[in-house]
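Chain A is the first sequence line, chain B the second, and so forth, proteins listed ahead of strands; every chain is numbered from 1. Both backbone and side-chain heavy atoms feed into the values below; hydrogens, waters and symmetry mates do not. Here the structure is a predicted model, which means the values were calculated and not measured.
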Protein chains: 2
Amino acid sequence: MRQIHHPSLAQITLTDIMYALSDPTRLEIVARLAKADRKMTCGEFDLNRPKSSLSHHFKILRAAGLVETMIEGTEHMNTLRLSEIEQKFPGVLSAVLQAIVVN
Amino acid sequence: MRQIHHPSLAQITLTDIMYALSDPTRLEIVARLAKADRKMTCGEFDLNRPKSSLSHHFKILRAAGLVETMIEGTEHMNTLRLSEIEQKFPGVLSAVLQAIVVN
DNA sequence: TCTATTGTTCGAATATAATCGAACAATAGA
DNA sequence: TCTATTGTTCGATTATATTCGAACAATAGA
């Protein structure tokens, strides 16, 4: 477990971002992270799904570069990489987040 | 053939949009349509693929609400539904288009 | 050292998507 | 009516994703 890989800004692609956001569960996770604006453990999002399924979705969010996960004890603390994504793709993620709130 | 179904604004979902934009070929089609800013036939995008594959991608773009196709003679004229999508999800598609141009 | 907690990985089943040739449909124009 | 043009639909194959239980790994705290 120990270390978790995160892509650098240069490695993040628009298609990966779009793909990660095309699943309702993942979109929900991203929305909750944005709204909370703090580190959240995987368990806090009590979506109605087994651990292994959630772990899978977090893996995709991390691989896309949307979520950063830092290990603190036995917990995995997740944050949205909002400012970084905004730097690379200005307006994309912020507009998506706004769209989730409104719609 | 005759008529082609297009979703109404109310039927368009963010996840469908994200999914449609997660494929490089479709993203390319959307980018070309935006840049051209005019009606384009399917054949004009000479992507290196068989007709049936392109037809499949256009179908998904239409179903997501991104592309409108009007039949003129034997040709199918495609346009981006940019202003409509902007109305429902302000900033999302325009930011994506900008990101394609820059990156 | 034992146990509880948190999350990942594995493996297998199921579902969804991409790809492309061939056949088909609609229309324009000769 | 015949033919060329433009795309769609069908059907089959291959590739990717999703889902979830079970086993595993890392750590904290008793």
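Counting any heavy atom pair closer than 4.0 Å across all strands shown, Ile60(A) reaches sugar-phosphate atoms only and no base atom.
Within the structure, every side-chain polar atom (N or O) of Thr74(A) is placed at least 4.0 Å from both OP1 and OP2 of dA26(D). A sub-4.0 Å separation between OP1 or OP2 of dT8(C) and a side-chain N or O of Arg62(A) is present. Taking 4.0 angstrom as the limit, Arg26(A) places none of its side-chain polar atoms (N or O) nearer than this to OP1 or OP2 of dA17(D). When the side-chain nitrogen and oxygen atoms of Tyr19(A) are compared with OP1 and OP2 of dT18(D), one or more of them lie within a distance under 4.0 Å. Regarding contacts with the backbone of dC20(C), a side-chain N or O of Ser53(B) is found under 4.0 angstrom from either OP1 or OP2.
Mapping Glu72(A) and Asp23(A) onto DNA chain D by nearest heavy atom places Asp23(A) at the nucleotide closer to the 5' end. For the pair His56(A) and His56(B), nearest-nucleotide mapping onto DNA chain D gives the more 5' position to His56(B).
Atom pair Phe58(A):CZ and dT6(C):P shows a separation of 14 Å (rounding to whole Å applied). Glu44(A) has its CD atom 11 Å from the P atom of dT6(C), to the nearest Å. Here the C1' atom of nucleotide dT18(D) and the CG atom of Leu54(A) are 12 Å apart, to the nearest Å. Whole-Å rounding puts the Arg49(A) CZ to dT19(D) P distance at 6 Å. As a whole-Å value, the separation of Lys51(A) NZ from dG21(D) P is 11 Å. Between the CE atom of Met70(B) and the C1' atom of dT27(C) there is a distance of 17 Å, rounded to whole Å. Spacing between atom CG of Leu61(B) and atom C1' of dA17(C) amounts to 14 Å, rounded to whole angstrom units. Atom CG of Asp16(A) is separated from atom C1' of dT16(D) by 14 Å (rounded to the nearest Å).
A salt bridge links Glu44(B) and Arg38(B); the closest N-O separation between the charged side-chain nitrogens and carboxylate oxygens is under 4.0 Å. Using a cut-off of 4.0 Å between Lys/Arg side-chain N and Asp/Glu carboxylate O, Arg32(B) and Glu28(B) are scored as salt-bridged.
In this structure, the side chains of Ile85(A) and Val92(A) stay at 4.5 Å or more apart for every pair of heavy atoms.
Across all strands shown, dT3(C) is found opposite dA28(D) as a Watson-Crick or G-U wobble partner, with both distances under 3.5 Å. Searching all strands for a Watson-Crick or G-U wobble partner of dA23(D) with both distances below 3.5 Å returns dT8(C). Base-pair partner of dT19(C): dA12(D) (Watson-Crick or G-U wobble, both distances under 3.5 Å).
Here the side chain of His57(A) is nearest to one of dC20(C), dA17(D), dT19(D), namely dT19(D). Checked against dT6(C), dG7(D), dG21(D), the side chain of His76(B) finds its nearest nucleotide in dG7(D). For Lys59(A), whose side chain is taken as the heavy atoms from C-beta onward, the closest listed nucleotide among dA23(C), dC10(D), dT9(C) is dT9(C).
In this structure, CZ on Phe58(B) lies 7.0 Å from OG1 on Thr69(B), to the nearest 0.5 angstrom. Expressed to the nearest 0.5 Å, how far NE2 of His57(A) lies from CG of Leu47(A) amounts to 9.0 Å.
Contact annotation: side chain of Ser55(A) to base of dG7(C), donor-acceptor pair absent below 3.5 Å.
No donor-acceptor distance shorter than 3.5 angstrom exists from the side chain of Ser55(B) to the backbone of Ser52(B), with no hydrogens or angles considered.
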